[in-house]
Amino acid sequence: MRRLFLWALSLLICALLLLPGCERQPEPVEFTTFAMDTVMNFTLYGEKKQTADAVKSLLTGEVSALEGILSATQESSEIARLNRRGTGGVSAETAGVLAKALELCEVTGGALDITAYPAVKAWGFTGEARRVPSPAELEALAAKIDYTAVKLEGETVTLLEGMEMDLGAVAKGYAGDVLAETVRANEIASALLDLGQSTILAVGAKPDGKPWRIGVVDPAQPGRYFAVVELEDMAMGASGGYQRYFEEDGVVYWHILDPDTAAPARSGLASVTVVAPSALLCDGLSTALFVMGLEEGAQFWRDHPELAFEAVFVTEAGEVFRTAGLEGRFSLAEGYEELEVTVLE
Ligand code: AMP
Ligand code: MG
């Protein structure tokens with residue numbers, strides 16, 4: 001009788017364990033941190049909760065350390081010190097970021113230019129009162145923007161007189177790549193790292209094996225997404241006038257400057273979203289393509305298959321263009337089904 005009871009009990013336990021609803025769903029570790037002037041949201045799925053918890057403190061530490069060396073506005077950062085002194089040694093990490101950023105300035109023909117900082121400051125985008133510099137002031141500022149004059153020799157950097165650097169267009173992307181590496185090194189196979197202002201990295205797929213679905217902001221209504229891009233082990237970065245701007249006398253001035261004029265880039269675009277394995281590339285290219293505009297940006301995409309990126313362009317008139325390589329990964333969001341999307345080949 002007792003044996004029969006034990007047999008029935010074990011049968012019951014097995015049946016319960018096999019119930020589909022009883023399958024263990026991993027619990028995410030979710031947290032938010034404020035760094036690099038924005039709110040960052042992280043979602044990690046770890047095998048063991050301790051791992052994800054430990055990675056949480058690692059990531060918040062890493063992102064604030066990177067900000068501490070790369071920020072142009074933090075007095076104590078390596079970049080701020082260089083901007084004050086004009087020359088000096090930097091850490092291997094900063095030298096590495098500078099080398100990568102300068103490479104992107106070069107490949108984009110100077111649409112990205114990390115020496116735009118005096119102009120960024122003149123417009124007040126670093127936090128001081130926003131203002132519109134005079135045409136003469138802009139001309140003088142534009143004449144000083146020239147990444148080719150930045151000398152990087154090993155870990156020593158030298159700038160021209162009056163030149164100052166700003167890694168604002170690439171630092172968040174670089175941080176994203178570093179954090180994703182930390183996540184992977186800690187055996188977390190699934191994570192979403194949202195570094196704010198549309199810089200986002202997907203580590204692996206979602207725990208259910210499906211790709212992460214990331215919204216593309218509608219620049220005309222930044223609280224809404226007009227499209228969804230599916231990402232798996234991939235990064236996405238967007239740049240747009242809607243992210244930081246001010247209005248004066250009915251004119252909108254945004255934070256992405258054309259290095260040729262030192263004024264907000266008016267290329268006819270409202271936003272550019274870039275999808276690529278590296279968040280640094282997404283960040284740098286989205287800024288650069290915004291400066292280039294649709295025609296030049298599309299040609300840049302055709303001319304640089306080695307960069308392995310895809311892009312979504314939205315014009316100020318609200319037209320949407322996406323590159324062919326997003327086929328199967330791009331769809332229109334609810335409420336935007338009627339939107340016409342032109343595929344760039
Ligand atoms: P993002 O938000 O990544 O598009 O980068 C814009 C930020 O980079 C601005 O807030 C400026 O600090 C800086 N910036 C503006 N225009 C440029 C440019 N053409 N090249 C490099 N950095 C820029
Ligand atoms: Mg950028």
Side-chain angles (χ1 to χ4, degrees), residues 36-38 40 67 70-74 77 79-80 83 97-98 100-128 130 133 138 141-142 144-148 150 163-177 195-201 217 219 222 235-246 253-267 269-276 278-293 296-297 300 307 309 311 313-314:
M36 300 186 166
D37 237 5
T38 182
M40 302 187 174
E67 181 177 18
L70 301 177
S71 160
T73 51
Q74 278 191 15
S77 84
I79 296 297
N83 286 345
V97 183
L98 279 175
K100 285 181 186 159
L102 287 169
E103 229 174 82
L104 277 178
C105 294
E106 179 77 28
V107 76
T108 61
L112 185 78
D113 195 314
I114 57 169
T115 63
Y117 196 51
V120 173
K121 279 198 295 188
W123 284 92
F125 283 116
T126 47
E128 307 91 276
R130 310 265 156 111
L138 287 177
L141 285 164
K144 282 191 180 164
I145 303 177
D146 180 12
Y147 74 91
T148 65
V150 176
M163 189 171 258
E164 289 179 88
M165 291 190 297
D166 173 14
L167 295 176
V170 292
K172 244 185 302 144
Y174 174 74
D177 287 340
L195 285 90
Q197 294 231 325
S198 298
T199 296
I200 200 156
L201 283 103
V217 172
M236 189 168 109
S239 287
Y242 66 90
Q243 291 174 340
R244 193 174 296 186
Y245 63 89
F246 68 94
Y253 300 94
W254 48 69
H255 68 307
I256 303 168
L257 306 182
D258 182 340
D260 288 340
T261 62
R266 306 230 182 253
S267 63
L269 288 176
S271 76
V272 180
T273 302
V274 174
V275 177
S278 151
L280 170 72
L281 191 74
C282 292
D283 197 354
L285 283 188
S286 63
T287 309
L289 294 174
F290 186 91
V291 173
M292 288 182 201
E296 205 183 313
F300 181 87
L307 294 177
F309 75 97
F313 301 86
V314 182

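Indexing begins at 1, ligand by ligand and atom by atom, following the structure's order. Values below: all heavy atoms of this structure, side chains included; hydrogens, waters and symmetry mates excluded. Please read all numbers here as calculations on a predicted model, not as lab measurements.
Nearest approach of Ser271 to Phe290, heavy atoms of both residues: N-CE1, 4.0 Å.
Not counting sequence neighbours, the partners of Phe246 by the ring-ring contact (aromatic ring centres under 6.0 Å, His included) test are Phe125, Tyr253. Applying the side chain to side chain donor-acceptor pair (under 3.5 Å) test to Gln74 and every residue at least two apart in sequence or in another chain returns nothing. Gln243 meets the side chain to side chain donor-acceptor pair (under 3.5 Å) test with no other residue; sequence neighbours excluded.
Residue Ala288 does not touch ligand 1, judged by heavy-atom distances below 4.0 Å. For Val120, every heavy-atom contact with ligand 1 shorter than 4.0 Å involves the side chain, none the backbone.
Exactly one of Thr273, Thr199, Thr287 qualifies for a side-chain hydrogen bond (donor to acceptor under 3.5 Å, both in side chains) with Ser239. That residue is Thr287.
For the 3.5 Å distance criterion, the side chains of Asp177 and Ser278 qualify, holding a donor opposite an acceptor.
In terms of protein heavy atoms, atom 13 (C) of ligand 1 is closest to Asp166 OD2, 3.3 Å.
Residue contacts with ligand 1: Ala169 is placed with a nitrogen or oxygen under 3.5 Å of a nitrogen or oxygen of the ligand (distance criterion only). The distance criterion of under 3.5 Å between nitrogen or oxygen atoms is met by Asp113 with respect to ligand 1. At least one N/O-N/O distance between Leu257 and ligand 1 falls below 3.5 Å.
Atoms of ligand 1 found under 4.0 Å from any heavy atom of Leu112 (numbered from 1 in listed order, with element): 20 (N), 21 (C). Shown in contact with Ser239 at under 4.0 Å from a heavy atom are these atoms of ligand 1, numbered in order with element: 1 (P), 3 (O), 4 (O). For ligand 1, the atoms lying closer than 4.0 Å to a non-hydrogen atom of Pro259 are 19 (N).
Near-neighbour remark for the Mg ion (ligand 2): protein N, O or S atoms under 2.8 Å are Ala169 O, Asp283 O, Asp283 OD1, Thr287 OG1; waters not counted.
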